[in-house]
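Shown next, in structure tokens, is the structure this report addresses.
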4 protein chains.
Amino acid sequence: MDFSSDTSAAAHPAVITAIEAANEGSAPSYGADHWSRRARELLGEVFETEVAVWLVASGTAANALGLSLLCPSTDAVLCHRDAHIEKDERGAVPFYSGGGQLALVDGDHGSISAETLSARLDQNRREFVHETPVSAVSISNLTEAGTAYTAEQISGLSAIARSADVPLHLDGARFANAVASTGETAAGLSWRAGVDVMSFGGTKNGAVGCEAVILFGDLRERQAELEIRAKRAGLMPPKMRFIAAQMCALLEGGLWLDLARRANGAAVRLAEILQAGGGELVHPVDGNEVFARLPEELVAALTNAGGRFYPWADGSYRFVCAWSTRDEELDAVAAIVGAE
Amino acid sequence: MDFSSDTSAAAHPAVITAIEAANEGSAPSYGADHWSRRARELLGEVFETEVAVWLVASGTAANALGLSLLCPSTDAVLCHRDAHIEKDERGAVPFYSGGGQLALVDGDHGSISAETLSARLDQNRREFVHETPVSAVSISNLTEAGTAYTAEQISGLSAIARSADVPLHLDGARFANAVASTGETAAGLSWRAGVDVMSFGGTKNGAVGCEAVILFGDLRERQAELEIRAKRAGLMPPKMRFIAAQMCALLEGGLWLDLARRANGAAVRLAEILQAGGGELVHPVDGNEVFARLPEELVAALTNAGGRFYPWADGSYRFVCAWSTRDEELDAVAAIVGAE
Amino acid sequence: MDFSSDTSAAAHPAVITAIEAANEGSAPSYGADHWSRRARELLGEVFETEVAVWLVASGTAANALGLSLLCPSTDAVLCHRDAHIEKDERGAVPFYSGGGQLALVDGDHGSISAETLSARLDQNRREFVHETPVSAVSISNLTEAGTAYTAEQISGLSAIARSADVPLHLDGARFANAVASTGETAAGLSWRAGVDVMSFGGTKNGAVGCEAVILFGDLRERQAELEIRAKRAGLMPPKMRFIAAQMCALLEGGLWLDLARRANGAAVRLAEILQAGGGELVHPVDGNEVFARLPEELVAALTNAGGRFYPWADGSYRFVCAWSTRDEELDAVAAIVGAE
Amino acid sequence: MDFSSDTSAAAHPAVITAIEAANEGSAPSYGADHWSRRARELLGEVFETEVAVWLVASGTAANALGLSLLCPSTDAVLCHRDAHIEKDERGAVPFYSGGGQLALVDGDHGSISAETLSARLDQNRREFVHETPVSAVSISNLTEAGTAYTAEQISGLSAIARSADVPLHLDGARFANAVASTGETAAGLSWRAGVDVMSFGGTKNGAVGCEAVILFGDLRERQAELEIRAKRAGLMPPKMRFIAAQMCALLEGGLWLDLARRANGAAVRLAEILQAGGGELVHPVDGNEVFARLPEELVAALTNAGGRFYPWADGSYRFVCAWSTRDEELDAVAAIVGAE
């Protein structure tokens, strides 16, 4: 009953197998290997467009690296107050951008509404030298509340951003779960909806450590700068093949979507069980996370049974399912709920 | 006949096995797992002292992270003109230190002499606000010329640095080769010789991607800052167990030294073969690298036979042996030399 | 009728005279001159304690320089949402601190309440590597709403900050007006109330361009670092005597307080006049600024008569009086109000 | 007999008068005043072209600000080993550029030869991600050895730089002395010779504190970025009119050139006197500085008579003349030399 995080889950066996298979003799360093090439091809297929890509091993690195292309050191990135880049990445955006700041906005269920974005960007005076203007917008999908933006919602936000001449970044650490949840395609939830740069996460979805920074459209011309910034940050380890092989394993045959569906399905069932036990959902369960207020006795019973999950700042509890969440774990929760 | 680099070599099978073994169920994230704990223990045993440690996947990250603890944003790191941090890390030290600079010195065979260090630090005026003072010294062992500093030489350098109140950093990307070559212990070539912070490399010695930033002595108190800086740089991927498992595999049973000895032995034999073919060594072969001037015909013959090695800026050629260099590869070179 | 800003006011003649007087022959550069020494002495007298000081020509420089001593590149400065460092200094704090961020809080009339500070610092988890902790608190006195903190209020805030091990910075661009308004001493409103570092403003109070970064208590030991940071930022122009002479002119004989009283007095009268004309004060008038909601006709009448003042984001208007505001200007406003 | 530096000289009376005259009533802040406008106009006339400009109070700020437009945080500025930006500005370029480095070259008499520049830029591999490439060249005129580049020499250097796609920056802290010395026009020694960005110094030539960052040609389009970077660094004090008035005073009627000629003339005479006393010039005296090896007795005699000048690292002594150097001071040196 470990619902602490999808980051504590094991890697999928296919990923381990791919690492093992990539260990065949010597191979060019720094991304010139054929696994890296294959990963780029597969990403192009999945996203139905040519993409510029750099692979890294952590989501913080992916977000900060991608945003450093968009946000000059004198400007700011607009994001939700609960965004991972604000709450969990210890100033990585200021670091990678050389002083760029985060401009925080509120929003229900972890998402930024069109009204909020519009109102905030209306105040943006890029020609006014004294104030720090917003020069990029970053959204997360899944959001940090476990909800999913639809393609339509993202299109709405990107249109607003575009009219303010501000590009759109997507933190897709749980993008697979959002795709699985919305039924959209990867393209539909990203560049077709106006996303310019994204982090495409693998680590929470069965990888050992693998995230892709993806540049779409005109931004693809900045591949060289992306690599320079990666190199300077120590994000160009020599044996890139072992990161690339993970991405290949996830993308080949659609494993990434299968795993996300599995995690999402577990979360849906878990939500039902917790509600049956008197729990009250704080946010819609669009992906693999459940945020719920729980009766005290239930919390105690779950904890006593070895259940792992985090209390959240708003008084609720967060449960995260992963590709590896087992039916037995859900059955165990159900048994406790039933036994109360 | 791939002598292009030890970074293009495969990982040792034991490392892959360790990654596979670490993939057992869920485990705490961000270094709180037991593989990380075990890696710290093993490093403590190998270095015969308690150490503070952070594991990363690239040597550039290890060097820049470690040096960022020593060099304020207003100061400089003294290093050899050919040091990896200067020639191959694309400004990672300025980036991680927030503007720290590199102060370059010359020296034969990639090493800094006591005289040079002493003369340069005599000019150091830390109280003089206009100039950028040196606030850390960084040496590489193996050096970038493939030579090894002895413990005595390092002790000499550290004494000079200490008397100028400047700490000593060691880039040990090929530290294993230096230990194997000099017959010193890991402790003898590091903290006992006055090293304060080091990068202990695994990647070039059979790992997939694994380097340790190690703090010795009083600097161990700065473990928290080390982790904060790692986090901010995206160098704290959630599933740290897969990096730690690699380090464990290398250290358990002394595999790291066996692999380094193997690579060093191959280099010694390769040097003899090349000399037999008219090659002239540019630097002593203390580790797993051979720098040699070669007859043009030999270069052509090796290249035609599929041999891979790099021309170097001084007109010589660099050959790197790895743990995985096979006798057949050396035999093939010998055959070409004999056949000329 | 220029109420646009105290920054557009002329310098006081005594300041110009002092500049002229300082132009006598050659003098040591970079702050080693005797005007600089005298300025430090006078600051020590005014603040009734030994202080460490660096003089700069802009308030943004003073704030960012002072805060860069308190806020590591990985941490944040807590300040009011309307603080000058947030709204008007274009990311100077992130720049000078190498990536430090601003953590914003709300508060009535531009000030931070003890409750707000306490609640926010209770959330501060400095040992939690993932989040950006607050490592300094910055308040402005006068606040950006033209109100003054009392010594008691500041003592309350500093006690809260201290108990969270967080130092207190004071943006005193209009500190003279706060001293004049509260009747406290300079010491009483600063270090005696627990302020660790402050910007002491002269520019808005009759100088050409002169602000002091002042370090109190233990922080005085960091004078050398302060100067190094100033030097690196180009804030150590050679002929420092001309900045120092301005500070001397303001402090000798208490001119700084006379000028602040004059400006405050003008604001009090202006507030009365505007209220008589149907204006409604938005904030208490503790210093030299008046924020008022005004009848549309009054706005039009003042504007038509050449009056200069800024519309504010909340729908009110800001009027700033300076040492140089003339009775005739106030009479002219009164005449318009009476004539409506 | 104060030959310590032209930075310790007084300001010219016309500059003080201009400051006094600028103190007339209120004026728009942040460079929107008419003195700032007039300064831009005059710079346009002196340089015979439209220019983009920002005025600052220190040469370090001017150089770092200008170079931050040219050098990305991942690249380097090539300069002479003795350049002011390397030896005297405490890492201001790395700070303002966010991590840019300095790539040092040697050269006789403080200048970079075409051969040296060409050879160094031939090694520049901007597409090679591992190395830090040079992305700007900076020369000083006068050089730090007191010598002047001719327009032809600068054209030669700029042609080499341009062919490597690298812009040329000029540190003109003593540009007036170079113009006076070479007989070239300001335009001839700057943009007509291929300079893209320059610092035009006033402080060492009679100002209180006034330097212009000037952008030529296409770079003028980056005026907005220049101002943003100035603002963020605290280099946009409100009462800009007092800096601008200084520049106006220097440029009106060609005062800047008169003052430089005066200083240069004094240096020529001083050089002759010192040579008559057994001194040996280390560098040609092209401007207002004399570097000479001196008999020990002469050094002692000058020092005993209250003469002020600096010993230099190469064993010589530096004497700097200023606009304010008096004939009596030179006579006094002559008397000592004659009396030996």
If we define contacts as heavy-atom pairs under 4.5 Å, which of [options] has the most with chain B?
options	result
A:Pro237, A:Pro238, A:Ser8, A:Gly234	A:Ser8
A:Val93, A:Thr17, A:Thr60, A:Val208	A:Val208
A:Arg90, A:Glu89, A:Arg241, A:Arg232	A:Arg232
A:Ala9, A:Ala61, A:Pro28	A:Ala9

Side chain, backbone, both or neither of [X] within contact of chain A (heavy atoms, under 4.5 Å):
X	result
B:Thr203	both
B:Ile228	both
B:Asp88	backbone
B:Ala64	neither
B:Asp2	side chain
B:Ala207	backbone

Side-chain donor-acceptor pair present, B:Thr7, A:Ser29, cut-off under 3.5 Å: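 Yes, because at least one side-chain N or O of B:Thr7 sits under 3.5 Å from a partner of the opposite role on A:Ser29.
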
Aromatic plane relationship, B:Tyr96 with A:Phe95 - under 30° parallel, 30 to 60° tilted, over 60° perpendicular: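 It falls in the perpendicular class, over 60°.
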
Atom pair OG/CZ of B:Ser26 and A:Arg308 - distance to nearest 0.5 Å: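 B:Ser26 atom OG to A:Arg308 atom CZ measures 6.5 Å (nearest 0.5 Å).
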
Approximate separation, where rounding is to 0.5 Å, of B:Lys231 NZ and A:Ser58 OG: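 Between atom NZ of B:Lys231 and atom OG of A:Ser58 there are 7.0 Å.
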
Min side-chain heavy-atom separation A:Val15-B:Asn23 under 4.5 Å: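 Not in contact.
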
Minimum heavy-atom distance B:Gly25-A:Ala10, with the two atoms named: O-CB, 3.4 Å

B:Glu20 versus A:Ile16, closest heavy-atom pair with distance: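 Scanning both residues, the minimum pair turns out to be CG-CG2, 3.6 Å.
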
